[in-house]
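Only heavy atoms go into these numbers, but all of them, side chains included; no hydrogens, no water, no symmetry mates. Chain letters run A, B, ... following the sequence lines, proteins first, then strands; residues in each count from 1.
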Amino acid sequence: MNTSTLILEEIKVKKGKVMSGAEAVLQSLIAEGVDTIFGYPGGAIMPIYDALYHYDKQITHYLVRHEQGATHAAQGYSRVTGKTGVCFATSGPGATNLITGIADAQIDSTPMVCITGQVASPLLGSDAFQETDVVGISMPVTKWNYQVTKAEEIPEAISRAFYIANSGRPGPVVIDITKDAQIGEFEFNYKKCERIRSYHPYPAVIEEKIDEAIDLIKDAKKPYLLIGHGILISKAQKELSAFVEKSGIPFASTLLGLSAMPVDHPLYMGYLGMHGNYGPNLLTNECDVLIAIGMRFDDRVTGSVATYAKQAKVIHVEIDPSEIDKNVKTTVAINSDAKAALIALTRKIDKRTYPDWLAKFKACDEKEFEKVIKDEYNPTSEKLRMGEVIHILSEKTKGSAILVTDVGQHQMVASRYYRFSQTDSNVTSGGLGTMGFALPAAMGAKIALPTRQVVAVIGDGGFQMTIQELGTISQYGVAVKVIVLNNNFLGMVRQWQQLFFDKRYSFTELKNPDFQMIAKGYGMEVNKVEHRENLDKAISDLLNHDGPYFLEVIVEKEGNVFPMVPSGASVSDIRLE
Amino acid sequence: MDNNTSTGLYTLSVLTEDKAGLLNHITIIFTRRKINIDSLNVSSTEVHGVSRFTIVTKTSREMIDKVIKQIRKLIDVLDAFVYEDHQIHYQEIALYKVPTKVFLNGNKIESLVRNNGALILVIEEDYIVIEKTGHKNETQDLFNKLEPYGVLEFVRSGRVAISMSKRKTTTLIQQLEESTANKLSIDSY
């Protein structure tokens, strides 16, 4: 019996059956197609965990080591599948520990449903043991949240949660369930939510706007397309390639848009942002029509907005109307799903090529290669550089691995040099910049797609923020490959201190533990590389190993990431050194 | 300064589902951007289960346009509108508590009440409550006039406003209920 028939039969059996709120939570999750949960039990969620004990055939629960790990694992799971990640946590500290991951999912548009236990409803507001106002605390960082105080509210709350989390611009939802609501009994029925009258996630494409955009592009000599996470969320990869190949417009990607298209696509010009590629940043201030699809003009992409693409007419395709005109003023706004808009645009766009314009990008690429990339790939330094590690990793995996990165220098280097060949393969914390994201997120991604190679690249700082998840990885034998690029520094902050604070390295140097011993203690295969001649084999060993694997690479202590758009500067002031 | 960045007074009218916690959701949007709310009023509407928030704030046009979009984005918000004063009919109500004895010394207070379109709400042995409905400058003006006689307490409500548009709330809600934007419909090539 496959899973879907199992689920249907299960629902049939349970429909109209009297059950506890706790069991109703699990029945509702099964009805939403959930088979994986990341969580941590505690007093106020014990009835749900007790019910879960009997559902081990339908649902696999992963016991994390800290609730933050549950959220990032759920995010990793979601980012590579498009499915909604699910977390369980108890009241009070359990729920507050979720907040960082929820905020991360909110700013990076990741669908997630977090179910938290809460003290019994008569105790609400009384400062009971492990009581926090979870609805209040999570309000600014959720797409929606709701407190359930009666068992019979559970099916509707959960069906709304899943509809809201994974429609339109996705985001996290918190459902806080009091203990008495988990215990209370009622007659269970489930109906999937298909409409909320106050919520309209998919505004229709307006044909006149498409025509206005087409007219602007028609007159353009130097059109330029920026793509973001929206392409991946709406699964518009094919539609994007049809559009660029017909229109001939060169394009670049934001951090979260990476892997939407293979890096070797002839019209792909590179990666945008503070440490992005030279041409894609510089030429933003030279294009005449700037088309942005499924991205939100984050300040790490725009630099100073006062000097950002002022010469260009801007077309913004964006599903969330509150993002339109928020950071960059548009000439034509297309408020719709990326895929729907791309189909409409492709139908009307003329077939063109822009050889002179493309040549400008190429010239920039050559300059960047000479000044920056050459030395990253084949460094002359005695110590290893981050770039060469990623370069070898990229070559050996042919760009087909899922790359999960943490936050900092290694993240920027990995995003620059990993040559993605497969889509839905980039998992990182973009908007929130959450150190500690990568290890649990890689675990979630590997659990979601066990046949894909999942490699986490992490700095020595971020690694220690969620290092305890090695325990979860080990307990469940999740075959993630972990590379820690160790420079014994909080490298990105140190780089800023060097460049903008006269080398005052205020609290950025780390005295690290023996990571080998720690990883070994968690039962992992381990290796450490300090010299260039051992790097190649070490990466092969890591990739070829069947189970979880930990590789520590000692890199240059004071290496910098270039190019760089200094904070608050214009994209055209991008520095190559 | 251009119109987009200079400060103006805006009245927001927000139609919402009648749900607990929504006030907090809405005010967070103002707090995040450090915008002060001048007055806020929540009431039921002619449609059962639908509430209206009327919020008055001083900020720039550019900012209020961003704020209103973020309010509209809240799941339980049905729709939200921004108005300038010339686009609405609006009122506030003020109550003034003055000692009864000031009425006993001549008819100055009485004529103040009469000439300012106010009325006497209650008369107690110790105090009298005067009520006045009007714009803020009008209720403030009466306060300034009463102050020399000793005002024991003064309170003013938030603004309530009704737009000049012909839109019917029930029609708007019907449109929302029939909207096809609840799911993605992809038009193929």
Note: A:M139 and B:G21 closest approach over all heavy atoms is CE-O, 3.6 Å

Taking C-beta and beyond as the side chain, do B:H25 and A:N145 meet within less than 4.5 Å on heavy atoms?
-> yes

So CG of A:L342 and CD1 of B:I186: to nearest 0.5 Å the spacing works out to 9.5 Å

Backbone N or O of B:I75 within a donor-acceptor pair of the A:S198 side chain at under 3.5 Å?
-> yes

Which heavy-atom pair separates A:R195 from B:E177 by the least distance, and what is that distance?
-> NH1-O, 2.8 Å

Spatial distance of atom OG (A:S322) from atom NZ (B:K73) [nearest 0.5 Å] | 3.5 Å

Residue pair A:Y199, B:V77: steps toward the side chain to side chain contact (heavy atoms under 4.5 Å, CB included) verdict = CA-CA 8 Å; A:Y199 172 60; B:V77 167; over 6 Å; no

Rounded to the nearest 0.5 Å, what's the gap from CG on A:D133 to CG on B:N24? Could you check?
-> 8.0 Å

Of all the heavy-atom pairs spanning A:E194 and B:N182, show the shortest one and how long it is.
-> O-ND2, 3.0 Å

Would you name the heavy atoms of A:R160 and B:D76 that are closest together and state the gap between them?
-> NH1-OD1, 4.1 Å

Measure distances from B:I28 to the heavy atoms of chain A and classify the residue's part below 4.5 Å as side chain, backbone, both or neither.
-> side chain

With only heavy atoms counted, which part of B:I173 is less than 4.5 Å from chain A, the side chain, the backbone, both or neither?
-> side chain

Residue pair A:E323 / B:K69, side-chain heavy-atom distance below 4.5 Å | no

State whether A:R197 and B:E17 are salt-bridged, where the test is any N-O pair (Lys NZ or Arg NE/NH1/NH2 against Asp/Glu carboxylate O) under 4.0 Å.
-> yes

OG of B:S185 to CG of A:D337, rounded to nearest 0.5 Å, is 9.5 Å

